[in-house]
Every structure is written in structure tokens, then in C-alpha cells.
Amino acid sequence: MTDTLPIIDFSGADERALTDALRPDNAVVRNSKGEWILLRHRDVVAAATDDITFSSAVSAHQQIPNGLDGEKHTAARALIDAYLSADALAPHAASFEKIAHDMVASLPKGEPFDAVNELGAHFAVRAMTAWLGWPQEMEPRLLDWVQENNDATRSGDRKRTAQVAADFDAMIREVLEPRMTGSGHNDVTAQLVADRSLGRELSETELVSILRNWTGGDLSSMALCVGCVVDFLARAPHIQERLRSKDASDEEIDAIIDEILRIDDPFVTNRRRTTCPVNLDGIEIGTGEIVRLNWTSANRDEQRFGDPAAFDPEKNRPHNLVYGIGRHACPGRLLSTMELRAVVKALMNDRSTLSIAPKMTGEREISPVGGYRQVWVVLG
Ligand code: HEM
């Protein structure tokens, strides 16, 4: 069975379209690196919730908490979750709303704009620097970095991705330096520097790793999520109408956003390494193999959702995997939800309607990135 498994070259492909085509006939495929890609909801959930068989220790680099297993992971998550709880984030809600409002107010009216790069990327950087207390002057460098990070990821060139990662670490060290020498900062980054919840201070390497996992990839993810949500809403005036209605609660807005992201989930995969032989749907996977949980595909599995494109927040909510499942499920879910809600509310409160820009086609991203590279829309 394993010998006959298709080997798929994902390079240059729209992962959503490709996995849609593969999933009906294949629960698992292999990519050109020899990794095993799980395409169906049931298998992805099974692997994500069995962290004994599917270890997260996949990278040679320290990744807190992403690369940790067992008790070490539990301790790291307790530390991190405290910064991302509803209570910890509540004081930041007003600033996310103001950033989104100001940004939407500055968008051209009646003229096309690109929701990924002109709105999503800028908003992601501004909201993140506001949350962490990083200097506003860093914005242009962070925006350049998001661009370069996406280009490097797409290129698959490991030297280039390593350089991009090193550049980001250097920026984080710059922010840490004044806070580690104790010069009167009182922001989330300074709180992390002063954190002793593990019974000791965090080393600089640990601080960089935590901050990298809060920021690096998520700046890109947030920009891509904004692109997917805006594209969907621009094509769905009846949902825009619902979102504009006075009685749309925050819970309903959040459920609508989550369902849009289920249909088009730009956060494509995460890796695991098997700790023992596994049999998945009759396919034998040996010990020490890299397995990719494809969230984008699992979120569209016909066996779980029926028609993957059928918009039904109520029905699909319990099975939505946009933020993962199991012990590694996204600790930043609440933060992302607050930020995306702020953007959607700002767009909907602006009384103009949102529509796809005539004669300008959006461009899909290519593997390993998901969602759109560009989404051209008009507020008019
Ligand atoms: C923008 C939308 C986002 C999406 C769609 C997303 C999605 C995910 C998913 C699917 C996972 C599971 C990974 C796995 O099982 O291996 C995850 C983990 C993680 N996310 Fe997010 N995320 C987002 C934003 C954020 C934000 C804003 C933060 C932090 C501020 C964040 C921090 C993390 C961290 C640290 C992990 C690793 C958790 C662990 O290993 O225990 N994410 N995210």
C-alpha cells in the first residue's frame, strides 16, 4: 500500500485547490521531501490529539512552545497562555479597534486597494507592535520583513529562510536589550523579560524563541487571514448586511470569521515526527518520519463537512480546525479573533459597501503559503 502512495510536488501549487483534488481518493500523500501529508479531518484530529505518537520535536532549533512535548510543553504553555488570556488581552481591545478604524478611514474610497498588503500586513504589524510595546519606528522594517519572509518561504531556499529568521531574531534582540538592562519599560515585552513563573528568569535565547513564535509567522498569517475574510465578504453582500446589522453580536461576528477561514484556511500545515510505527487508513508509516497535518485540507473534508464551500457557522463550528486542536492548539486564538473582529467591524461600520474590484483579479498564494497573495477590492 505504502509503495503505491502518490508522490506529489506541491511547489508552485495552490494548496487548497490541489488538496481538494487529492482528498477524495487519498487520505495520505507524500511530498517530494518524503514527508507524509494527512489530508482528512479524522486523521488530522487523531494525529494532533495523540502527542505521544506524533511528537512536535521536529526542528533542530529551539521552538518554545511549538517544538516541545510533554511536561516541558505544559510548563511553557502555562507561562505563555497567561499573556494571551481574555483578562490579559482585554486592555488592548480599544487600541486594536482604533488601529483598524484609522486604517480603514485612510483607505481610498471608490478606488481599488489590496486587502492583503495595504490593509492586512499593515494592520498586523501595527496591532502587534502596539500589543508588545515595540517602537512604532520599527513598522517599515517589519513590513519589509513580512514581505521577505513570504518570498523566502515560497522559494523553498533554506539558506534564504535561515537568513530571514536570523534577521528577525536580530530585530527581537534589539527590542529586548533595553528591557533586559532595566530602563523603565512597562509593556508586554518587559513583562516577559521579568517573568519568573518557571522559577527562574528566561534566557535571552528563550525570550527570542517565545517572541518569534508570537510574531514572526503570525504577522504573515494575520495578513493572509484578512485577505481571505475580505475576499469572501466582498463576494457575499448578504453576509455584509448581517455583519452591519445592529444586533450582530461579537460572538456571531467571530463565528462568521472562523467559518470563512475554515473554507479558506491560509495557515496550511504543521509538522510532527512519529515516535513509533503508525497505521493510518491501512498505510504504514515508520518511526521517525515527518508527518504534516494539513489544516487547510482537513477543514474542507467532504466526509466531515459535506460541501466544503457551504457556509454554515453554527453547524461547522465544533469541527473547525483553523486554530488547531490538542495540546498545541493556538494560544493566540483570542488575540487573532480580537484583531480580525476589529478589522471586520471597521470595514462594516464604514457605511460604504465592499466589493471585488472590477477587472482586477486577486492572486492565490502558492505552497507552502495559503490564501491570497493579493485581493483587490473597493469600498464604495
Ligand atoms: C492569524 C491567525 C492564526 C492562525 C490561523 C493560527 C493557527 C495556529 C495553529 C493551527 C496552531 C497549531 C500548531 C500545531 O498544532 O502544531 C497554532 C499554534 C500556535 N500559535 Fe497560532 N495562529 C494564528 C495566530 C497566532 C497569534 C496571533 C499568536 C501569538 C501571539 C499565535 C501563537 C501560536 C503559538 C505560540 C503556537 C504553538 C502552540 C504550541 O505549540 O503549544 N498564533 N496556531
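Predicted model, so just to flag it, every value in this text is computed and none were measured. Whatever order the structure lists them in is the order used to number ligands and atoms, beginning at 1. For the numbers below, each heavy atom of this structure counts, side chains included, while hydrogens, waters and symmetry mates do not.
Residue Asn66 touches ligand 1 through backbone and side chain together, judged by heavy-atom distances below 4.0 Å. In Tyr323, the parts holding a heavy atom less than 4.0 Å from any atom of ligand 1 are both the side chain and the backbone. Counting heavy atoms closer than 4.0 Å to ligand 1, residue Arg77 contributes side-chain atoms (C-beta onward) but none from N, CA, C or O.
For the pair Arg333 and Tyr323, the cation does not sit on the ring face, since its NZ or CZ is not both under 6.0 Å from the ring centre and inside 45° of the axis.
Between the side chains of Asn316 and Glu259, at least one donor N or O sits under 3.5 Å from an acceptor N or O.
A centroid separation of less than 6.0 Å is found between the aromatic rings of Tyr83 and Trp214. Residues Phe168 and Trp145 bring their aromatic ring centres within 6.0 Å.
Using a non-hydrogen distance threshold of 4.0 Å, Pro331 registers as a contact of ligand 1. The shortest separation from a heavy atom of Arg327 to ligand 1 is under 4.0 Å, placing the residue in contact. Using a 4.0 angstrom heavy-atom cutoff, Arg272 counts as in contact with ligand 1. Judged by the shortest distance from any of its heavy atoms, His73 lies inside the 4.0 Å radius around the atoms of ligand 1.
Shortest contact from atom 27 (C) of ligand 1 to any protein heavy atom: Ser336 OG, 3.5 Å.
For ligand 1, the polar-atom distance check finds no N/O of Asn213 at less than 3.5 Å from any of the ligand's N/O atoms. Taking distance alone, with nitrogen or oxygen atoms compared against 3.5 Å, Asp218 approaches ligand 1 more closely than that limit. For the pair Trp295 and ligand 1, the shortest N or O to N or O distance does not fall below 3.5 Å. Where the criterion is an N or O separation shorter than 3.5 Å, residue side chain and backbone included, Ser221 fails it with respect to ligand 1.
Heavy-atom contacts of Asn270 reach the following atoms of ligand 1: 12 (C), 13 (C), 14 (C), 16 (O) (cutoff under 4.0 Å).
Under 4.0 Å is where a charged nitrogen must lie from a carboxylate oxygen, and between Glu97 and Arg341 no such pair does.
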Hey, can you pull the donor-acceptor pairs under 3.5 Å for the side chains in residues 303-314, sequence neighbours left out?
from, atom 1, to, atom 2, distance (Å)
Arg304, NH1, His319, NE2, 3.3
Asp307, OD1, Ala309, N, 3.0
Asp312, OD1, Lys315, N, 3.2

